[in-house]
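No experiment lies behind these values; they were computed from the predicted model shown. All residue numbers refer to positions in the sequence shown, counting from 1.
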Amino acid sequence: MEKIVVSGGRPLSGSVKISGSKNASLPLMAASILSDAPLVLHNVPKLSDITLMAELLTHHGVQVSYDPATQVCALKANSITNITAQYDIVSKMRASIVVLGPLLARCGKATVSLPGGCAIGTRPVNMHIDGLRALGADVFIENGYIHAKAPKGGLVGTTIVLPFATVTGTENILMAAVLARGQTTIKNAAKEPEVCDLAACLVKMGAQIDGIGTDTLVISGCTRLAGASHSVIPDRIEAATYAVAGAITHGDITLKNVIFDDLLAFWDSLTRTGVVVEKTHTRSDSVVDVRVHVPGDIKGVDIMTEPYPGFPTDAQAQFMALMTICDDAAMITETVFENRFMHVSELCRMCANITVHKASALVRGVGQLVGATVMATDLRASVSLVLAGLAAKGDTTIQRVYHIDRGYERIEQKLQECGALIEREK
Ligand code: EPZ
């Protein structure tokens with residue numbers, strides 16, 4: 001089992017290139033199922049989750065090729081030869097659920113393993129299923145699998161009101177609706193940049209989608225989609241993670257390739273701690289470089305996670321790591337997932353002072369974290385331990401590094417290039 005060892009206490013300086021978004025790439029890859037024409041995705045990060053999605057799609061009969069050097073992923077679903085997404089892959093990556101909508105839309109039926117829960121919560125998919133039923137599908141659960149079947153003639157457009165702005169739920173229903181007959185309106189749709197990136201790519205493939213970026217998506221179904229070429233947006237959560245790396249070490253680093261407006265709530269909270277955040281270079285109309293540096297102390301700032309455009313739940317653990325060394329205190333409230341404080345006990349083993357009451361964690365700043373051997377439980381909890389290790393006195397060993405490799409490309413190399421003492425050990 002690999003582990004990462006961090007020797008803390010060194011301010012980071014230098015620059016980090018932000019990779020393509022994991023959470024945009026995964027549904028974009030699944031969208032290849034919707035068409036028999038080639039879909040070419042650029043800026044796809046080299047991550048184990050991407051490899052797993054490629055494996056799953058290949059299993060369905062999609063031709064997938066990925067070149068790590070160019071980060072281009074070419075997909076072509078000439079024909080779907082298998083409509084079943086097996087438990088052994090889905091259980092490793094919950095995001096596999098996003099093949100359900102496309103399979104149902106393209107083939108009229110789909111059998112997808114229920115993803116099951118994970119460390120951060122039970123993660124039900126009831127809203128996915130209810131949305132597909134609203135489009136006319138007959139869906140039942142048997143032996144841990146979701147069995148879905150479209151009516152004769154295909155799915156039929158309708159109005160769907162989501163009880164919660166579920167990200168992959170919106171993505172599944174959107175991908176089903178683009179090939180449904182008639183118009184579909186999705187109300188209370190998720191507005192995350194990753195959902196918008198998927199919608200933008202579907203439009204390039206010929207889908208008719210209005211309201212992208214709002215909580216109401218209006219889709220006029222069509223009979224077939226063409227191919228497209230699309231560049232995946234930069235990973236905003238990776239950007240937030242490295243911004244905290246610069247802040248927690250009182251360093252001065254520049255993040256390259258950031259869509260600044262994808263993280264406005266995060267930048268607002270970060271700057272209120274006293275960290276200076278400034279755009280230093282414009283690369284395109286929305287992509288900039290961002291410099292993060294710390295002139296003085298880190299103040300405690302309360303945050304509450306919310307669906308986009310609120311503070312992203314995927315950056316909560318990272319922000320908590322920063323708050324452990326603030327000069328006063330911070331209240332961190334997690335409203336999206338029911339159990340996303342798995343990093344708290346491990347941070348406390350590094351001498352952080354955190355008390356959890358239900359959905360809120362009170363973080364009282366301590367003068368100094370102390371390195372320890374810690375265990376990761378999910379992707380973002382894992383990386384928060386690396387961030388704490390960068391600030392801690394002594395060495396921190398993070399075990400179960402496979403969690404980190406799911407969502408962070410070459411993390412130790414990117415941090416080494418900013419002066420961190422961090423190594424991966426077998
Ligand atoms: C996506 O997960 C992301 N994953 C998650 O990122 C992210 O944390 C989450 O959205 C919230 O932003 C991908 O995009 C691949 P949800 P998703 O459906 O779609 C409840 C990471 O670290 N819910 O928006 O699974 C659910 O239990 C990962 O990169 C239902 O109750 O999240 C949760 O409490 C972690 N029924 C809340 O909604 C449903 O049918 C938000 O879930 C669906 C969701």
Side-chain angles (χ1 to χ4, degrees), residues 21 23-35 39 41 95 97-106 110 124-137 139 148 150-151 154-226 228 230-233 236 259 261-262 264-265 286 306-310 312-314 336:
S21 164
N23 288 350
S25 298
L26 295 170
L28 282 166
M29 290 171 76
S32 64
I33 292 171
L34 292 167
S35 167
L39 174 62
L41 300 175
I97 191 72
V98 294
V99 301
L100 176 60
L103 284 171
L104 186 59
R106 172 81 184 271
V125 289
N126 55 304
M127 297 175 198
H128 301 234
I129 291 169
D130 292 346
L132 297 177
R133 281 179 174 147
L135 291 169
V139 185
L155 298 171
V156 181
T158 185
T159 294
I160 294 161
V161 182
L162 289 173
F164 183 88
T166 160
V167 172
T168 50
T170 301
E171 291 165 347
N172 251 333
I173 296 163
L174 171 61
M175 289 193 277
V178 296
L179 291 181
R181 277 184 293 123
Q183 179 170 294
T184 297
T185 300
I186 306 173
K187 291 183 183 284
N188 196 27
K191 303 180 289 231
E192 274 69 3
E194 296 77 26
V195 178
C196 300
D197 203 33
L198 170 66
C201 181
L202 291 170
V203 166
K204 286 183 188 174
M205 294 167 74
Q208 294 176 46
I209 305 170
D210 292 317
I212 297 175
T214 75
D215 62 3
T216 302
L217 294 174
V218 182
I219 304 107
S220 301
C222 53
T223 51
R224 77 177 290 275
L225 291 181
H230 182 79
S231 185
V232 177
I233 54 170
R236 62 193 173 108
I259 298 181
D261 291 357
D262 283 356
L264 294 180
S286 60
E306 284 167 328
Y308 192 84
T313 175
D314 289 350
V336 175

Task: Check against side chain to side chain contact (heavy atoms under 4.5 Å, CB included), L135 and I160 - done: CA-CA 9 Å; L135 291 169; I160 294 161; 4.0 Å; yes
### Query
Going through the distances and angles, do V203 and I212 end up as a side chain to side chain contact (heavy atoms under 4.5 Å, CB included)?
CA-CA 10 Å; V203 166; I212 297 175; 4.0 Å; yes
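In this structure, L132 CG and N172 CG are separated by 6.0 Å, a value rounded to the nearest 0.5 Å. The structure places CD of E171 at 12.0 Å from CD1 of I97, a figure rounded to the nearest 0.5 Å. For the atom pair OG1 of T170 and CD of E194, the computed distance is 12.0 Å after rounding to the nearest 0.5 Å. Taking CG of L202 as the reference point, atom CG of L179 lies at 9.0 Å (rounded to 0.5 Å). Between atom CD1 of residue I219 and atom CD1 of residue I186 there is a gap of 4.0 Å, rounded to the nearest 0.5 Å. Rounded to the nearest 0.5 angstrom, M29 CE and L41 CG are separated by 7.5 Å.
Counting only heavy atoms from C-beta outward, the side chains of P309 and D262 never approach each other to under 4.5 Å. You'll find the side chain of V125 stays beyond 4.5 Å of the side chain of L100, heavy atoms only. When side chains are defined from C-beta on, P27 does not count as touching T168, because their heavy atoms never get closer than 4.5 Å. For the pair L198/V98, no side-chain contact is recorded, criterion being any heavy-atom separation below 4.5 Å from C-beta on.
Pairs of residues two or more places apart, or lying in two chains, never qualify as side-chain hydrogen bond (donor to acceptor under 3.5 Å, both in side chains) while including a residue from residues 182-192. Pairs of residues two or more places apart, or lying in two chains, never qualify as salt bridge (charged side-chain N to carboxylate O under 4.0 Å, His left out) while including a residue from residues 204-222.
The residue from D197, N23, L28 that alone fulfils the side chain to side chain contact (heavy atoms under 4.5 Å, CB included) condition with I233 is D197.
Across all non-hydrogen atoms, the minimal contact from S35 to M205 is CB-CE, 4.0 Å. The two atoms that bring L34 and A105 nearest to each other are CD2-CB, 3.9 Å, heavy atoms only. Summarising the geometry of S21 relative to S25, their closest heavy-atom pair is O-OG, 2.7 Å, with the distance given to 0.1 Å. Between A265 and G310 the shortest heavy-atom distance is CB-C, 3.6 Å. Between A207 and C222, the closest heavy-atom pair is CA-SG, 4.5 Å. Shortest non-hydrogen contact noted between L217 and G211 is CD2-O, 3.5 Å.
Not a single donor-acceptor pair under 3.5 Å links the side chain of D261 to the backbone N or O of S286.
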